[in-house]
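Single-structure report; data block below.
A, B, ... follow the sequence lines: proteins, then strands. Residue 1 opens every chain. Heavy-atom basis, side chains included; hydrogens, waters and symmetry copies ignored.
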Amino acid sequence: MPIPADWPTTETEALAEQERLRPLVLARDDEDEDGRPAPGRLIAGVDVAYDDEHDLVAAAAVLLDRDTLDVVEQATAVGRIAFPYIPGLLAFRELPAVLDALAALSRTPDTVVCDGYGLAHPRRLGLASHLGVHTGLRTLGVAKTPFVFENREPGAERGSWTPLTDPATGEEVGRAVRTRPGVKPVYVSVGHRIGLDTAVRTTLDLARRYRLPETTRHADSLCRRALADALRTGTNTN
DNA sequence: GCGACAG
DNA sequence: ATCTTGTCGC
């Protein structure tokens with residue numbers, strides 16, 4: 001799929017778009033149209049891989065059953081890179097391909113787990129929140145490294161966490177969460193239509209065996225395979 | 001101005 | 001993100 005015609009091209013346009021979407025974020029638990037409470041049963045994981053040499057991007061969307069952690073469906077999308085990597089503007093680089101991959105699924109996920117931040121962002125509109133507001137889907141962000149927020153080391157036991165605080169406002173914008181005993185924590189934040197407690201709970205439910213949620217692990221391996229396939233055979237899709 | 005900086 | 005060897009351990 002081509003990049004949307006109205007997709008921001010410059011840093012100025014991207015910042016204006018973040019400003020427009022920021023007030024639309026819902027940072028508390030919400031229900032589906034079907035009345036299902038967060039996070040629901042169908043959890044999607046999305047991730048993206050790049051080849052800057054060939055100006056190629058591959059995204060994957062994987063649907064898991066929240067209770068069994070089984071993969072029930074998966075889809076990929078390949079396209080041209082839409083935006084350069086600029087810290088704080090990651091969504092403009094990753095989302096076009098992610099939206100294509102999500103659209104290729106036959107079912108709509110109850111919750112989408114993103115690789116990166118949601119509210120824990122300099123302007124409160126990280127990748128996860130951006131995707132949520134743009135699509136209306138419930139989202140949360142699980143990042144592997146801290147960004148610009150204060151964080152203390154959580155206790156060594158699984159489930160232990162410490163707040164991620166905005167030094168300017170003192171506001172809790174996310175949490176450093178220990179998913180595996182003695183292993184580096186992950187950084188969880190609200191994306192859209194979910195509360196921080198539920199976001200953390202969901203992350204822990206999805207990351208019992210490994211540090212990262214099963215959703216992101218599956219999406220990560222799938223988008224890498226999709227990129228390798230595209231480079232091998234030309235620009236394919238699924 | 002300089003360094004830091006999700007993926 | 002991606003570039004990259006070996007290494008320790010289940």
Electrostatic pair A:Lys144-A:Asp115, nearest N-O below 4.0 angstrom: yes

Within the 3.5 Å criterion, strictly below it, is a donor on A:Tyr50 or A:Glu94 matched to an acceptor on the partner's side chain? yes

Could you check whether the rings of A:Phe83 and A:Phe92 sit parallel, tilted or perpendicular, using 30° and 60° as the cut-offs? tilted

How does protein reach along nucleotides 2-7 of chain B, written 5' to 3' as B (base within reach of a heavy atom under 4.0 Å), S (only sugar-phosphate), or - (no contact)? ---BBB

Between A:Arg66 and A:Asp205, does at least one N-O distance fall below 4.0 Å, as a salt bridge requires? yes

Report yes or no: is the cationic atom of A:Arg217 (NZ for Lys, CZ for Arg) under 6.0 Å from the centre of the six-membered ring of A:Tyr210, at an angle within 45° of the ring normal? yes

Rounded to whole angstrom units, what separation is found between the CG atom of A:Leu56 and the P atom of C:dT2? 12 Å

